[in-house]
Amino acid sequence: MRKKEIIKNVINNRRVVFKPDYRDVGAILLFILLVPYIISFLFGNVGRGKDSEEEGEYAGAESGLFQEDRKTAEYIVYNKTAAGTEMIPLETYLAGRLPATVNMEYEMEALKAQAVVLRTELMKQAEGGGKYIYVEGQTAKMGEQEYERSMEAVGSTRGMFLEYGGEIITAPYFAVSAGATRNGNEVFCSEDYAYLKSVICERDFTSESYTGGIRMSRYVFWNRLGELIPDMEYEEALTVEEQLVLDRDRAEYVTEVSLNGKSVSGEVFREAFALNSSCFELEQEGDMVLIKTKGVGHGLGLCQYAANEAAKKGSDYIDILNYFFSDIVIEKIGESG
């Protein structure tokens, strides 16, 4: 019993006071011989430090594919966290970021498409064509299986990104469409987004998240809308659908909500009312207002649910990317001309 107390106190860094007992000399010598093994067993990973832990947990330290040298990496991500700013090579960072952006149970080809889109979006953020990308707290905790799938998706598309007209594109993505993606030129009122053409997502209606909605009193509804449209005037005797005009794009997403000549954009309305998407209908039932939605997300670019459905039918990530982004070129870092 006395021997166990001695070992416990040494491990807990406590001072032990006792009188020599020569019957214990052999046991003490044995313990001294075992101390290095006890320390190694208990504290063997202490010397790895923060960088090693992070790379092991989410950045692919076990794989040479992700052991990038910051000095030679084409792009460096500065990830600001509560503990400080991490400098991480782009491919290493992507392996940890991907699971935070997509359902990791999706088909591998859909995950590869998402990896290319995510890399493209990050490269687009690099200031002035430089190599530095600034983000804040954008890493994910994941299990071993998610980690391995993330490394496979990122590793097998290493360095690939999307270009249109010789420039890196804006490559948006979202979860579930309302039946079709949106037209970029129409949404942004610009001719610079010809690669974001509206395409059909014929199986999205099978998603559990395809429809949604919220219900609130008409008084709460009008008060909240009043915060978006100052000095608006509405009629108590009329329903919301009788007073509000909803302008839509070709994919049926609301682009503008108007009342007596005053308006707010569909996306601002969506955010203010915490809706799943800006594809919505308004309906008043007595003193209650029901807002019904279709889809999840802004509706532009890669639809992840539709990408997964396409992957199930045999489409690879190249097919998927070319479907959702029209006339783009898939380039690779260091090889684009």
Side-chain angles (χ1 to χ4, degrees), residues 101-103 105-107 110 113-114 117 170-189 193 195-218 220-222 224-225 228-229 239-259 263-286 288-313 315 320-321 323-326:
T101 68
V102 67
N103 183 342
E105 294 182 0
Y106 278 177
E107 299 289 320
Q114 176 66 15
V117 166
T170 296
Y173 57 89
F174 65 101
V176 184
S177 81
T181 64
R182 306 175 72 180
N183 184 289
N185 286 348
E186 192 174 11
V187 172
F188 297 116
C189 300
Y193 301 91
Y195 52 84
L196 292 177
K197 292 182 180 178
S198 179
V199 296
I200 300 297
C201 302
E202 60 184 16
R203 294 283 299 166
D204 279 27
F205 74 93
T206 64
S207 168
E208 293 180 357
S209 304
Y210 180 68
T211 58
I214 62 171
R215 184 187 297 269
M216 67 187 70
S217 75
R218 65 188 180 97
V220 171
F221 175 85
W222 285 118
R224 193 173 300 178
L225 188 60
L228 303 178
I229 308 177
T239 64
V240 294
E241 58 264 45
E242 289 174 326
Q243 298 184 73
L244 296 178
V245 177
L246 306 182
D247 292 330
R248 300 179 183 275
D249 60 21
R250 70 188 68 188
E252 294 300 313
Y253 287 78
V254 174
T255 57
E256 195 171 70
V257 179
S258 304
L259 175 65
S263 64
V264 63
S265 77
E267 285 300 315
V268 170
F269 183 94
R270 169 200 170 196
E271 183 177 351
F273 286 88
L275 304 178
N276 282 346
S277 84
S278 59
C279 182
F280 59 84
E281 298 280 355
L282 299 172
E283 183 179 327
Q284 185 170 327
E285 299 175 346
M288 302 299 293
V289 174
L290 176 62
I291 309 178
K292 301 177 182 179
T293 63
K294 288 183 181 179
V296 180
H298 49 61
L300 282 162
L302 177 72
C303 174
Q304 295 172 338
Y305 189 87
N308 188 54
E309 290 297 305
K312 288 179 181 178
K313 293 182 177 181
S315 295
I320 292 169
L321 291 170
Y323 182 73
F324 288 102
F325 300 95
S326 300

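Note: hydrogens, waters and symmetry copies are ignored here, and every other heavy atom, side chains too, is used.
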Check: Q243 and L259 side chains under 4.5 Å, non-hydrogen atoms: yes

Between OG1 on residue T170 and CG on residue L196, distance to nearest 0.5 Å: 7.5 Å

N/O donor-acceptor pair under 3.5 Å between S207 side chain and D204 backbone: no

Worked check of ring-ring contact (aromatic ring centres under 6.0 Å, His included) between F280 and Y253: CA-CA 7 Å; F280 59 84; Y253 287 78; 9.7 Å; no

Expected output: side-chain E285 to main-chain L290 donor-acceptor under 3.5 Å: no

Atom of V220, atom of M216 and distance for their closest heavy-atom approach: CG1-SD, 4.1 Å

I320 backbone acceptor or donor facing S315 side chain under 3.5 Å: no

Heavy-atom side-chain contact between V117 and L321 under 4.5 Å: yes

Taking every non-hydrogen atom, the tightest pair across S177 and C303: N-SG, 3.5 Å

Side chain Q284, main chain V289, donor-acceptor under 3.5 Å: no

L275 and I214, any side-chain heavy atoms less than 4.5 Å apart: yes

F325 ring center within less than 6.0 Å of Y195 ring center: no

Minimum side-chain heavy-atom gap V187-D249 below 4.5 Å: yes

Distance, nearest 0.5 Å, that separates CD1 of I229 from OG of S258: 7.0 Å

Side chain to side chain contact (heavy atoms under 4.5 Å, CB included) between L228 and F273, intermediate numbers included: CA-CA 11 Å; L228 303 178; F273 286 88; 4.2 Å; yes

Charged N-O contact under 4.0 Å between R248 and E281: yes

Sub-4.5 Å side-chain heavy-atom contact between V296 and Y210: no

Nearest non-hydrogen partners of S198 and R250, listed with the distance: CB-CD, 4.0 Å

Residue pair C201, T181: steps toward the side chain to side chain contact (heavy atoms under 4.5 Å, CB included) verdict: CA-CA 7 Å; C201 302; T181 64; 3.8 Å; yes

Heavy atoms from other residues, nucleotides or ligands near CD of E271 exceed 12 (cutoff 6.0 Å): no

Test side chain to side chain contact (heavy atoms under 4.5 Å, CB included) applied to L302 and Y323, step by step: CA-CA 9 Å; L302 177 72; Y323 182 73; over 6 Å; no

Y305 and Y106, any side-chain heavy atoms less than 4.5 Å apart: yes

Q114 and T101, any side-chain heavy atoms less than 4.5 Å apart: yes

Exam field: side chain N308 to backbone E107, donor-acceptor pair closer than 3.5 Å: yes

Shortest non-hydrogen separation from N276 to G212 and the atoms involved: ND2-CA, 4.4 Å

Between OG on residue S326 and CG on residue N183, distance to nearest 0.5 Å: 9.0 Å

Side chain proximity check, E256 to V264, heavy atoms < 4.5 angstrom: no

Exceeds 12 heavy-atom contacts within 6.0 angstrom, atom CD of E208: no

salt_bridge(E267, R182) N-O dist < 4.0 Å: yes

Backbone of S278 reached by a side-chain donor or acceptor of H298 within 3.5 Å: no

Which atom of E242 lies closest to which atom of T239, heavy atoms considered: OE1-N, 2.8 Å

E202: side chain to side chain donor-acceptor pair (under 3.5 Å) partners, not counting sequence neighbours: none

Full working for side chain to side chain contact (heavy atoms under 4.5 Å, CB included) between Y173 and L300: CA-CA 6 Å; Y173 57 89; L300 282 162; over 6 Å; no

